[in-house]
Number of protein chains: 4
Amino acid sequence: MTGTSGPRKRADAQRNEKALLEAAAAVFVASGVDAPVRDVAAAAGVGVGTIYRHFPTRADLVVAVYHHQIEACVAAGPALLARSASPHAALAAWIDLFVDFLVTKHGLAEALRSDQDTFQTLHARFLDDLVPVCAHLLDAAAGAGEIVPGVDPLVLMRGIGNLCIGAGDPRYDPGFVVGLVVAGLRLR
Amino acid sequence: MTGTSGPRKRADAQRNEKALLEAAAAVFVASGVDAPVRDVAAAAGVGVGTIYRHFPTRADLVVAVYHHQIEACVAAGPALLARSASPHAALAAWIDLFVDFLVTKHGLAEALRSDQDTFQTLHARFLDDLVPVCAHLLDAAAGAGEIVPGVDPLVLMRGIGNLCIGAGDPRYDPGFVVGLVVAGLRLR
Amino acid sequence: MTGTSGPRKRADAQRNEKALLEAAAAVFVASGVDAPVRDVAAAAGVGVGTIYRHFPTRADLVVAVYHHQIEACVAAGPALLARSASPHAALAAWIDLFVDFLVTKHGLAEALRSDQDTFQTLHARFLDDLVPVCAHLLDAAAGAGEIVPGVDPLVLMRGIGNLCIGAGDPRYDPGFVVGLVVAGLRLR
Amino acid sequence: MTGTSGPRKRADAQRNEKALLEAAAAVFVASGVDAPVRDVAAAAGVGVGTIYRHFPTRADLVVAVYHHQIEACVAAGPALLARSASPHAALAAWIDLFVDFLVTKHGLAEALRSDQDTFQTLHARFLDDLVPVCAHLLDAAAGAGEIVPGVDPLVLMRGIGNLCIGAGDPRYDPGFVVGLVVAGLRLR
DNA sequence: GATGAATGAGAGTTCATTCAT
DNA sequence: CATGAATGAACTCTCATTCAT
């Protein structure tokens with residue numbers, strides 16, 4: 001805005017892509033990840049061609065939309081483990097974080113659960129990145145004797161993800177049920 | 001042909017409707033509750049007009065499809081409470097039943113979670129019928145001091161329902177996570 | 001129009017299909033066989049869905065459009081052979097008929113030559129039906145010692161077909177070149 | 001870098017244009033003259049804008065692509081007439097040359113026949129250059145009493161061109177039908 | 001009542017063409 | 001001059017829904 005007029009084209013394109021992602025995120029929240037490409041384009045104020053240029057398939061777009069947020073979650077795992085009172089506390093905090101993330105980005109959980117071919121990629125990406133973090137936290141907690149051993153992190157994460165579906169409804173409370181799950185993990 | 005046409009028609013219509021429901025159930029399992037109306041009509045061997053005559057909206061059809069199964073679940077609640085060792089055991093057994101139901105009728109959980117307007121009716125019907133049963137079981141278990149008090153049956157049921165989404169995937173195991181929830185309910 | 005209101009639905013559908021074919025023929029002449037489906041639908045005064053119902057693929061439509069005309073040509077072969085002065089005269093007359101047909105239905109020749117996948121079916125149909133007739137005429141003329149033996153009917157017909165491309169242009173005269181071909185066939 | 005930039009640029013531009021034409025020729029052979037502009041640009045390693053700068057319309061590009069080859073054909077006419085045994089032999093040889101040209105550059109014949117507005121220019125150019133050559137050969141042969149008089153060279157050339165359409169198909173043989181045409185030209 | 005033909009909105013996708021950099 | 005990002009018209013195809021028979 002001040003003096004960035006030099007190599008502008010690439011800068012513009014990047015800005016454009018960012019605007020695209022934000023618009024897509026908004027549209028996904030409002031209409032789900034199945035929202036018409038046209039709607040996303042309109043929301044971003046670009047032509048549909050621009051969407052296809054940047055993200056050839058819908059999966060590419062969805063993955064991109066949630067990429068940064070996934071990364072943040074990945075980073076939070078070790079950080080929490082380092083500064084929490086106990087591994088179980090870290091696990092609980094991380095799950096809370098994950099739930100907050102999903103609940104905030106309403107529509108994400110729905111996307112995650114979709115077994116449509118279109119979202120295979122999203123699925124993969126999501127789980128490939130997050131499951132190891134979860135596994136690490138589970139191992140730490142199990143190693144400390146705080147939780148039952150042998151919990152499959154993938155199963156746990158998909159469960160948590162599922163529980164976040166429909167978070168917008170005032171009559172539903174994902175956090176409560178997730179709390180039951182976390183409680184259920186504890187060794188008694 | 002003249003005298004019997006009155007009652008006969010009704011019988012025929014009922015038969016027709018039943019065939020419709022069975023066909024719809026099969027199609028829903030195969031293609032989800034968003035399956036094209038034409039597919040349902042074709043599976044039932046009727047015209048699409050007939051579907052619309054019997055079930056003006058898709059929700060009506062979906063509700064009807066799952067009606068009997070919901071009723072069975074409703075009936076199972078008191079029965080289990082009567083013959084189980086403890087209220088908590090009855091609750092656990094009933095939840096298992098519910099999970100089995102959802103998991104077996106693949107696609108139902110997905111339909112349940114949908115917040116699309118189309119399924120509002122289904123939602124309502126499903127919960128209106130089942131929540132009281134669940135509430136009764138929760139009350140009994142809480143009254144016996146076996147579980148934490150104040151669990152909202154609606155929230156619990158929606159959580160359970162959500163956990164059943166994606167049950168077909170071999171890498172996911174709804175039962176395990178539901179087990180954690182049930183364990184989490186117990187007073188420690 | 002007078003008393004055909006009995007089994008009207010099927011009658012209507014047939015009428016509709018006929019109107020469709022006529023409209024499609026007109027559009028094909030005007031815009032080629034690649035004309036947008038919408039244009040055909042508009043010309044026929046129906047929705048696009050109607051086109052797709054009657055003719056699931058474009059090839060189906062194209063084949064149907066030219067079906068009757070192909071049949072007429074098929075029927076003309078033996079008839080001409082029976083009533084012509086010589087086999088060569090019959091062959092020449094039949095080729096004239098074929099050329100008239102292609103030239104009249106401007107756009108047909110273009111369709112025929114297309115090697116696009118869409119028209120494979122048309123190609124096949126066209127040649128499967130007409131080549132045998134042509135072969136019969138060629139055999140008769142060759143048997144009578146009037147023309148060179150061993151002419152491949154398929155090659156001849158595709159040549160004739162090609163020559164009819166662009167018949168609308170006043171500066172071109174397919175008939176003349178076809179005449180040269182027919183003359184070239186004669187034993188000298 | 002300073003003094004040579006004037007002439008250098010022109011040299012570069014010429015080189016660029018040549019590369020463009022070669023790339024376009026290759027793409028036209030592979031995908032037909034309707035190939036996406038992008039494909040041509042990509043094959044040439046330039047941006048689409050460059051294509052549009054050099055050749056504002058597609059016709060301009062197509063004409064340019066085939067320009068050199070047309071010129072070669074033009075030059076061959078008198079040469080053949082000079083060194084052939086008879087005018088008819090020269091005509092036949094020249095037609096063979098023309099056919100070889102069209103058949104080799106698969107896609108050219110298709111382009112030639114197109115009556116689309118886009119190719120009007122190509123048409124014109126092609127015929128304006130070649131028709132006189134053909135006329136000359138026809139006149140010579142007619143003058144020598146070898147062929148029928150009064151053959152319109154334009155009609156003949158378009159016929160020949162049409163016959164070359166679909167040359168790639170193993171079941172078709174343009175050369176054979178062209179041979180019939182050439183034979184048909186002879187006085188008997 | 002049942003039928004299924006017809007309708008047409010809507011979604012995905014491709015590309016010719018323009019124009020800011 | 002060259003580039004290629006952006007635009008948006010155009011096209012195909014699908015299906016929910018209506019309604020004449």
Side-chain angles (χ1 to χ4, degrees), chain A residues 4-17 20 34-42 44-54 56-58 118, chain B residues 5 9-10 12-13 16-17 20 34-42 44-54 56-58 118, chain C residues 5-17 20 34-42 44-54 56-58 118, chain D residues 5 9-10 12-13 16 20 34-42 44-54 56-58 118:
Chain A
T4 52
S5 62
R8 183 99 66 90
K9 195 159 51 186
R10 181 161 293 159
D12 271 17
Q14 279 184 1
R15 195 165 327 208
N16 219 325
E17 185 162 325
L20 228 67
D34 291 321
V37 175
R38 264 181 181 67
D39 289 2
V40 176
V46 302
V48 287
T50 305
I51 305 274
Y52 281 99
R53 163 176 289 275
H54 286 274
T57 74
R58 178 183 294 271
T118 326
Chain B
S5 67
K9 256 196 183 150
R10 181 166 292 159
D12 277 13
N16 218 326
E17 188 163 321
L20 227 65
D34 292 321
V37 176
R38 261 183 183 60
D39 290 2
V40 176
V46 303
V48 287
T50 306
I51 304 269
Y52 279 97
R53 167 169 296 275
H54 286 272
T57 76
R58 178 182 293 269
T118 326
Chain C
S5 62
R8 184 98 66 87
K9 193 160 52 185
R10 182 162 293 163
D12 272 16
Q14 279 184 359
R15 196 164 327 210
N16 219 324
E17 185 163 325
L20 229 66
D34 291 320
V37 175
R38 262 185 180 63
D39 288 2
V40 177
V46 303
V48 288
T50 305
I51 304 275
Y52 281 100
R53 162 177 288 275
H54 287 274
T57 75
R58 177 185 294 271
T118 325
Chain D
S5 69
K9 255 195 182 152
R10 181 165 293 161
D12 276 13
N16 218 325
L20 227 66
D34 292 320
V37 176
R38 262 184 180 61
D39 290 2
V40 176
V46 303
V48 287
T50 306
I51 305 269
Y52 279 97
R53 166 170 296 276
H54 286 273
T57 75
R58 178 183 293 269
T118 326

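Numbers restart at 1 for each chain; the letters A, B, ... are given by sequence-line order, proteins then strands. Because only heavy atoms are used, hydrogens play no part in the values below, and waters and symmetry mates are left out as well, while side chains stay in.
- Side-chain contact between V37(B) and Y52(B) is present, with heavy atoms from C-beta onward closer than 4.5 Å.
- Scanning for side chain to side chain contact (heavy atoms under 4.5 Å, CB included) contacts around R38(B) gives V48(B), R53(C), with sequence neighbours left out.
- Stems are defined here as 3 or more consecutive Watson-Crick or G-U wobble pairs with pairing distances under 3.5 Å; those involving DNA chain E are E:2-21 with F:2-21.
- Under a 3.5 Å cut-off, the side chain of R58(C) and the backbone N or O of A35(C) do form a donor-acceptor pair.
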- Note on the structure: Once base and sugar-phosphate atoms are separated, protein heavy atoms under 4.0 Å mark nucleotides 6-13 of chain E, 5' to 3', with B, S and - as BBBBBSBB
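- Rounded to the nearest 0.5 Å, atoms CG (N16(A)) and OG1 (T50(A)) are 6.5 Å apart.
- In this structure, CD in E17(C) is found 10.0 Å from CD1 in I51(C), a value given to the nearest 0.5 Å.
- Put simply, CG on D39(D) and CG on D34(D) are 12.0 Å apart, with the number rounded to the nearest 0.5 Å.
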